[in-house]
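Notes follow the structure.
Lettering of chains follows the sequences in order, A, B, ..., and the numbering in each one begins at 1.
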Amino acid sequence: MHIQMKGIHKAFGTNQVLTGVDFDLVEGEVHALMGENGAGKSTLMNILIGLHPRNEGTILIDGKETYFSNPKEAEQFGIAFIHQELNIWPDMTVLENLFIGKELTSKAGFLNTKQMKALAKSQFEKLAVSIPLDQDAGECSVGQQQMIEIAKALMTNAKVIVMDEPTAALTEREIEKLFAVINSLRKQGVSIVYISHRMEEIFTICDRITVMRDGKTVDTKPIPDTSFEEVVRKMVGRELTERYPARNPKPGEVVLEVKNIGRKDAFDNVSFSVRSGEIVGFSGLMGAGRTEIMRALFGLDSLHSGEMWVRGKKVNIRKPDDAVKHGIGFITEDRKDEGLVLDFSIRENMVLPNLFSFSGKAGLISSKKEKDFVDTLIKRLLIKTESSETAARNLSGGNQQKVVIAKWVGIGPSVLILDEPTRGVDVGAKREIYQLMNELTDRGVAIIMVSSELPEVLGMSDRIIVVHEGQISGELSREEATQEKIMTLATGGQ
Amino acid sequence: QPPEWAKPNNNGNTDDIKIGLSISTLNNPFFVALKDGVVAEAEKQGIEVVIVDAQDDSAKQSNDVDDLIQQGVNALLINPTDSAAISNVVQTANSLGIPVITLDRSADQGEVEALVASDNVKGGEMAAQYIIEQLGEGAKVIELEGVAGASATRERGQGFHNIADEKLDVVAKQPADFDRTKGLNVMENLLQGNPDAEAVFAHNDEMALGALEAIQSSGRDVIVVGFDGNEDAIKSINAGGLTASVAQQPALIGELAVQAAADVLQGNEVEEMIAAPLKLVTKE
Amino acid sequence: MTSVKETSNKKGLQLSQLAGKLGPLLGLILLIVIVTIMNPGFLEPLNILNLLRQVSINALLAFGMTFVILTGGIDLSVGSILALSSAIVANLMLSGLDPILAIIVGVLLGGIMGMMNGLMITKGKMAPFIATLASMTIFRGLTLVYTNGNPITGLGDSMAFQLFGRGYFLGIPVPAITMMITFAILWVILHKTSFGRKTYAIGGNEKAALVSGIKVDRVKIMIYSLAGMMAALAGAILTSRLNSAQPTAGESYELDAIAAVVLGGTSLTGGRGLIVGTLIGALIIGVLNNGLNLLGVSSFYQMVVKGVVIVIAVLIDRKKSA
Amino acid sequence: MTSVKETSNKKGLQLSQLAGKLGPLLGLILLIVIVTIMNPGFLEPLNILNLLRQVSINALLAFGMTFVILTGGIDLSVGSILALSSAIVANLMLSGLDPILAIIVGVLLGGIMGMMNGLMITKGKMAPFIATLASMTIFRGLTLVYTNGNPITGLGDSMAFQLFGRGYFLGIPVPAITMMITFAILWVILHKTSFGRKTYAIGGNEKAALVSGIKVDRVKIMIYSLAGMMAALAGAILTSRLNSAQPTAGESYELDAIAAVVLGGTSLTGGRGLIVGTLIGALIIGVLNNGLNLLGVSSFYQMVVKGVVIVIAVLIDRKKSA
Ligand SMILES: Nc1ncnc2c1ncn2[C@@H]1O[C@H](COP(=O)(O)OP(=O)(O)OP(=O)(O)O)[C@@H](O)[C@H]1O
Ligand SMILES: Nc1ncnc2c1ncn2[C@@H]1O[C@H](COP(=O)(O)OP(=O)(O)OP(=O)(O)O)[C@@H](O)[C@H]1O
Ligand SMILES: O[C@@H]1[C@H](O)[C@H](O)CO[C@H]1O
Ligand SMILES: [Mg+2]
Ligand SMILES: [Mg+2]
């Protein structure tokens, strides 16, 4: 299948998102689509499959003008879409999830479960996933859910598959599996649109790349003819120096220490400590239990065993507000779900964890204090916005993430837990976040960073703790850490 | 008292008389008939009527009457949702010099020119008497009560028990809110718990008709005495369904009330209690 | 994830699913045992038949409500739809239409009223609560206008019509049979067809359903229409039982229907629940009403007991899933 | 994102915010104009005073409901709390307690009843709809048990008590003054204190609020207690107006209160809305009730009109935000 999109324009209300985008996909290629957050990548693909109508422009498929009025039509035509946001029904089984909206039925109109099971099984075998089909999808880790989505798309026998950040929730292992599948699909003549913010992946798996900026196509090139630096420059419109800013850590006293903490069915016997001014990276395979450890530390889930000390004092954290009182901040995995009140302005979001410090004697919030505080943070974190009153909803992903970080910077934290701090964030914003982390540690904050991106873990951590099946399987210093060593520990080898 | 500046200046033309009718609820045929009686009589006398319906909410009724006063009515006909709750409204009307006549139910306080109603206590006694006549003393009776707290419920119950407590055996009583559906459901259950019941006294015909359905589908032989004498009930009595009903004359209550209002407005004295006669309807 | 974890996970899952299914049933059995001990008359055949007949109206409303709640919606208007369609059916019969035909027309009209809810909610993007709150008021008002506040009586004595609400077939009350047949049909639709799958999908994650190409609006409109049809069917039974159409019929029935759905373990946030649970929930409410009456509990205390039972049932349900 | 885009975004936002604020007000003004044209008597001073008094009870309930709905909850029990607290206050007065003291005790008791809702919802993890549906039944049942179904009368003639529901102060009905003072206090709490901010945060994203260290459970419990206190305050006014406590008082008042909140532009999903909108919403309902009465519209048609107005208002609101 050969797809040509020409001069595509799209506005949401008064928000002009696409202004004349050209995109071309030939048979059997893996075509990277890159651009900063909000450049319009997802929107362009949503237009292709008929989820959004376009305002202007033509779409040719194999030379013929073709427009779909809904995603189902596109799918029937052979174009499948793995969406950026997971489309998972947590209360439905894996099997039900795989066939949502396209259940196989008998002639009489009843569901044909047997046939669906057989089909699902064979697809899972191809992907080497082993998730029981009658398990609830909600019980699966984010990574497993992503694999379900991928299987779902592959099952349609599509000739074109759009993958919108398919690896954002996957660890290296799953990514390898996925790449193997992509390679075999390519051999069968299937074309793939591959959207990702992970530069390494683009250069590993893709044949061509199209870069978008501010709703326009900047350039399309074969991968061998371009370089990492060129792509970045075209994306952000300026030169970016090295990806990970240099760190010169000066670890101080131990700020947080946990001893033998455990939680039933999640993790046990976890002990570690973090010093002020230090970044401790947490690495591991998907579902290893890192997020669960952090949630429990922060009081979001209850601990069933173990002890915690903050600055040498034993603490009992049962609720997030206890954690906040002890100066612990938590930037969660999913900023939209747990990080931001999307309808709140930047200001309202930023002051949320320490409202009390803006209230006067009568309990009234002083808006001047608030405003001064927020404006300072916006400047310090280089948040791109016209004013502090802009709703968080209207910010790009990277800027949203900065607002979440700012929330916690505001409480003057001793310990900051960052869970996947740059997931789905573009290169430029990523670097700014790293710089911010450095600034924080320079001022004595202890940082715990959970990340599934190995280069990031290696690039930013002073120490790396690897988690395997709910237990700490090893610890590596910055000097001794390599991708291989981490992977060995993460998979339970010695 | 409302401030002087806010009081309405009733200097409109006093030639056309306008009366306000506030009804407790129009979701009940009894009150629909009562309203029709008022409308018919008013038309006959060339009086304009404004009608408001409280939907059985005392608070809404006081708002409604405020609104009627606002429209400059010369007299108020009030069918109270509750005798106590209406008192303030009556007092307000008194203070503005608007005469009040209550229908079917009384007002506890305030000056009322007349109460036009059936004698519900007597009606309750009539029902008990009739059951004794039919089944003899000591018969086992179930009582279906009206809306809790309504004066009709209280008075009919009171009248009924005046006699039944000594001469009958009331084996169960439950409210069914003057409602046919509830009458059916409550009766079905009560029959199960009291298989030896011989008679039912329902505080109105709607409940009686509901109870009758329950009795008929249980195949039991129980006599049912209702209250109101509405069209459906009388049909049922003639068809051998209901045994009897203490008939009120809602339309007559309405007519009498309008007449009383006209009298008062012409400066005539009226009786404080105008009783609409009750009549026991049975199959002839 | 190790295979050990998976198994334990899965077992836990099945057990809790089982408990989720059995919870309401155990509650029902417990209730029946208690009531029977206190008044053995409860188990008499006639009482059981009565009970089934009493339950049928609430159960029908609750079946429709189950679909609505599974999509994450709510329908406060079913009681008013019941009354309006009942009034129309009665009038059609008065004007000489064949009773069975009148009932069919009534059910279709109920479907149209439900469809209006569906349209307000999908095309008008109104919250289901507020859309059906408005239509509850409108339909009730129309019923009162239409009947002038008076019951419609004199429905004649068509045998078929009388049987519909009051009759027996093979010794079982016809309304109970209607209820069971409807249950069977809806069970199949919910669990064995793609329409049922879509119902769950919409309640579980509406955005994802949309992205997956499910015609969310259409499914919802059909579901609210179904709820309307169920209400009209219940209305026809009530009309036959009362041998008249009551303008106040069905007032606050929506609350009992919702209670039945929730007692049956269906989540108000949508996406989770079973229609068999709703049947059990309706039976629980029925046994409670019937049993408390048999035990001679005053209707005031009955209200308290019913409220407390709902709280306990839901709390136990929560505990289990936590 | 370019700065150009942002500006246009922001202007759009402000405009729609303004429209969101003005929409209900424009609706109210339009309504007043229409009613006045059809019956100029509407604008007479006494009628306006009456209107304010009539509105006050619903407005007080709706103020409390605004907080509840802003957190994404709902409270169906306010009508029953009104009745139960009113009965208790009346009885306290009968037993010789000073009326003002009795009212204060009543309001506190209302707060405790509301707190029970809050506890069921937070600690019991029950859906607000079902928790307050249950407590609505329970509190109503308790009221009936407590009063034995009879109104409580003979409350004596304490001047203070009579003034509370019926009196005037500086020419304005006391209930209207109570309403305005309460409004002012709640406005400050909602818009100027951290408690108010937390209310919005919980409704906007409960998980994010929790992660931000907000004591979500505590805030919610306080909010349901507030709703209970507002209901009890409304109950005290009603008791004074009716010079008696009515066991059936407040039935279905929750629906009018919810309607007022929604007409005022507050979203049922929580996180968005203004208490001034609720005041306007309550006035819209009040003008409708009063105006339709003045125009002599029959109560049946009034129901239809009220339902239709709700639909239209919400539809216009949706259009604007779309
Ligand atoms: N449904 C919508 N309504 C309004 N604006 C939208 C909508 N969807 C996307 N946008 C806006 O369109 C712009 C482009 O969004 P899009 O999701 O296509 O970006 P993207 O390139 O996929 O970014 P990311 O890398 O963060 O996924 C953003 O400014 C976004 O806020
Ligand atoms: N909502 C949930 N319900 C049940 N189990 C869950 C849920 N979320 C996660 N799990 C399970 O908990 C375990 C640990 O998951 P966790 O999210 O902590 O892993 P992680 O190391 O952070 O990996 P990632 O976030 O990259 O998926 C996994 O076995 C996962 O399947
Ligand atoms: O007297 C009336 C009628 O009996 C009616 O059926 C119910 O209310 C009573 O007040
Ligand atoms: Mg995207
Ligand atoms: Mg994680």
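- At a heavy-atom cut-off of under 4.5 Å, chain C is reached by D:Phe300, D:Tyr301, D:Met303 from residues 284-303 of chain D, listed in order of number.
- Taking CD1 of D:Ile310 as the reference point, atom CE of C:Met136 lies at 9.0 Å (rounded to 0.5 Å).
- Listed here is the closest heavy atom pair of C:Ala127 and D:Leu268: CB-CD1, 3.8 Å.
- Heavy-atom pairs under 4.5 Å with chain C were tallied for D:Val311, D:Val308, D:Val145; the largest tally goes to D:Val145.
- Among residues 66-81 of chain C, the residues having any heavy atom closer than 4.5 Å to a heavy atom of chain D are, in sequence order, C:Ile74, C:Leu76.
- Side-chain contact between C:Ile258 and D:Phe129 is present, with heavy atoms from C-beta onward closer than 4.5 Å.
- Considering every non-hydrogen atom in both C:Gly307 and D:Ala134, the closest pair reads O-CB, 3.7 Å.
- Legend: residues meeting side-chain hydrogen bond (donor to acceptor under 3.5 Å, both in side chains) with C:Thr147, ordered by chain and number and at least two apart, are absent.
- Heavy-atom distances place the side chain of D:Leu133, and not its backbone, under 4.5 Å from chain C.
- For D:Glu254, the side-chain hydrogen bond (donor to acceptor under 3.5 Å, both in side chains) criterion is met by no residue, not counting sequence neighbours.
- Here C:Leu255 is the residue among C:Val309, C:Val305, C:Leu255 with the most heavy-atom pairs under 4.5 Å with chain D.
- D:Met120 is not listed as a side-chain neighbour of C:Val314, based on a closest heavy-atom distance of 4.5 Å or more.
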